[in-house]
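So that the names make sense, note that chain A is the first sequence line, chain B the second, and so on, each numbered from 1. Model, not experiment: these values are computed from the prediction.
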Amino acid sequence: MSPVQYAATLPDKWGEHVSKLPRNKLYLSGKCILYVWNEPSGSMQGTRNKMDILYKAGARLMTEYDPERVTHIVASLDTQKNVLQMCGIRKVTELPVHIKTVTWEWIVHQIQGINHTEIYYEPFISRMKQVSQAAKGEAAKDDASSSAKPSYLETSARKREETDDEGSPKKKAKHGPGFQPLQPPSLDASSSSNFDPLAEFYEQAKLMDEFEVEEDEEKPQAVTPSEASEGSKTRWQCDGAPVNSGACPNQDIVDKLLELREIHSARQGSDDMWRTFSYRKSIANIKAFPKRIESYSDARSIKGVGDKTALKIMEIVQTGELERLKHARTDDIVVAQLFQGIYGVGPATAFSWYSQGLRTLEDVKNGKNGVSLSLVQEIGLKFYDDINDRMPRSEAAEIFCKIRQIALTIDAKLYMEIMGSFRRGKATCGDIDILLTRPTDDGKTHHDVMRVLLRRLHEEEILTYDLATPDDLDDLEATYRGLCQVDTAPGRRQRRIDILSVPYGSLGGALLYYTFNRSMRLKASHMGYSLNQRGLYKGVVRDPRDRNKKLSPGTLMDGLSEKEIFDILGVPWQEPHQRVRS
DNA sequence: AGGCCGTACTG
DNA sequence: CAGTACG
DNA sequence: GCCT
């Protein structure tokens, strides 16, 4: 069955289901989406899954290009040819501006309910320029009229459509005979179904939240007592074991323990360091505990919770308070926490300053009692709030787009990806995290790109302050940390940015490492592999008495894709933001 | 009693 | 080398 | 802090 034929079966297959969904779950309602597939006939399961998802999210799934109706085209660089073919055009820039080309990633984010600008998901650089210029031109006039618009790009694109200036391919609709868009079933806002096929998206999103705050190790176990005995095999979080959903029944406990953890982490000394580490683990597992903790043994059944923590939990359960917290938040701790908000200041520096009599950021700024700051700390202090605040996702996207454009003028074959919380679909980002590499099939590398790029970005005043520059700028693997700004207006907020380059063969490993990471690394290590930012190593030999000691580092399996690493580790494939399992 | 993630940059 | 940051 |  061809994709087009398959698409025709969707109403029968899902129509009833979709009609029962509440309106607010139809994330793509009103959008007419042309999905461009790119799969050798035979393996079109991926295409079908994606069509299912689009349809179930309320989209009108188009199977042919109709410039009057299509609002979005889901495409990628790989499918560019197919796009041109399906639309009967020669260049993607011939597409009318009001039709947005987006990657599959964008769809996933819509379904996760994350609102963001579309431009980052623009797969075609030439269109990206078109659209971003259009957006900029209109943004100024736009303020008053736009209130609850999805994104400024959407707004401007619509306006642009009215005054349609440039030669958009004329609407000689090239419908084949019998063509018609697939209509989603009519909505019934009042009814809702129990079974939400998109639930997994939420679960995944939540799961990533856990990662953000915390979490490693095996899947938090000790689920319900009944379930606890069955299955002797270890379950790994990355295997996609079901995750506790809904509100946490032990939130009060978690909050109190979090406070305690913050206190320990503000202190200096290795004792507190490990205590902090320990709290991390136990708190993550308590969060995942499915029912209210009622007894000491309940508490002890949770992994990472020992005698001490269990007693604290009991105190909280019984009295609602934790006596310890009242005495622990002493002056030195509070001040140390304040000081550690300065980038480059950790426990040691913070307490050293405290013991020298400093108490406020003013004291620090004035160099009271002769304390001096490192260059990095100077910057950290100057932009204390900027660095600690998060930025809206759209701003991260905007900065990334600018940087990508500049980078591509240095070398058009560069591969760049924005990582970190952005890639995981968060609505706000603590920093911008850019991965950079370049395919080597033509014998070239990105060895000199970092040097040139950093210079250009400084010239453009996108990069403003360096926090750490790579030891060797010509190395294929290099890390840059600094501050950047979205434009040069005075008083513009400074944002944290990291740019790191990796050898092309490490791309898969790096992508994984910077998004998924912890639990998968652990699984790797138990399977006799080792996973770090360079990739997957096989043949790792560990001391049988002490698993932590590596006797042999193993050999790097170079050039694996993300997918291949998943396969080797036996982890079901999940798209970058952890979602569609296919 | 001793491990608890591994790596890179600063000074 | 210790301290710090980060995923 | 917890775990082995």
At under 4.0 Å between heavy atoms, what does [X] touch on the DNA or RNA strands: base, sugar-phosphate, or nothing?
| X | value |
| --- | --- |
| R300(A) | nothing |
| D431(A) | sugar-phosphate |
| E477(A) | sugar-phosphate |
| S282(A) | nothing |
| R324(A) | sugar-phosphate |
| D307(A) | sugar-phosphate |
| T349(A) | sugar-phosphate |

What's the [atom1]-[atom2] distance between [X] and [N], to the nearest Å?
| X | N | atom1 | atom2 | result |
| --- | --- | --- | --- | --- |
| I434(A) | dG7(C) | CD1 | P | 13 Å |
| R390(A) | dC6(C) | CZ | P | 12 Å |
| D466(A) | dA8(B) | CG | C1' | 16 Å |
| R267(A) | dG3(C) | CZ | C1' | 19 Å |
| M273(A) | dA5(C) | CE | C1' | 12 Å |
| L435(A) | dT7(B) | CG | P | 18 Å |
| W353(A) | dG3(C) | CH2 | P | 15 Å |
| R534(A) | dG7(C) | CZ | P | 17 Å |

Polar contact flag, side-chain donor to acceptor under 3.5 angstrom, D466(A)-H458(A): yes
Distance-only side-chain donor-acceptor flag, E477(A) / S506(A), under 3.5 Å: no
Side chain N285(A), main chain K303(A), donor-acceptor under 3.5 Å: yes
Rounded distance in Å between the P positions of dA2(C) and dG3(B): 16 Å
Inter-nucleotide P distance (dC3(D), dC5(B)), Å rounded: 14 Å
R267(A) NZ/CZ over F351(A) ring centroid, <6.0 Å and within 45° of normal: no
Which nucleotide, [options], lies nearest any side-chain atom of [X]?
| X | options | answer |
| --- | --- | --- |
| H264(A) | dT4(C), dG1(D), dG7(C) | dG1(D) |
| K308(A) | dC2(D), dG7(C), dG3(C) | dC2(D) |
| R481(A) | dG11(B), dC6(C), dG7(C) | dC6(C) |
| R496(A) | dG3(C), dC6(C), dG1(D) | dC6(C) |
| D498(A) | dG7(C), dT4(C), dT10(B) | dG7(C) |

Any T309(A) side-chain N or O less than 4.0 Å from OP1/OP2 of dC2(D): yes
Salt bridge (Lys or Arg N to Asp or Glu O under 4.0 Å) involving D307(A) - partner list, sequence neighbours excluded: none
ring centroid sep under 5.5 Å plus plane angle under 30, W274(A) with dC4(B): yes
Nearest-nucleotide comparison on DNA chain B, the residue closer to the 5′ end among D472(A) and S270(A): S270(A)
Residue among D255(A), V254(A), T309(A) satisfying side-chain contact (heavy atoms from CB on, under 4.5 Å) with I283(A): V254(A)
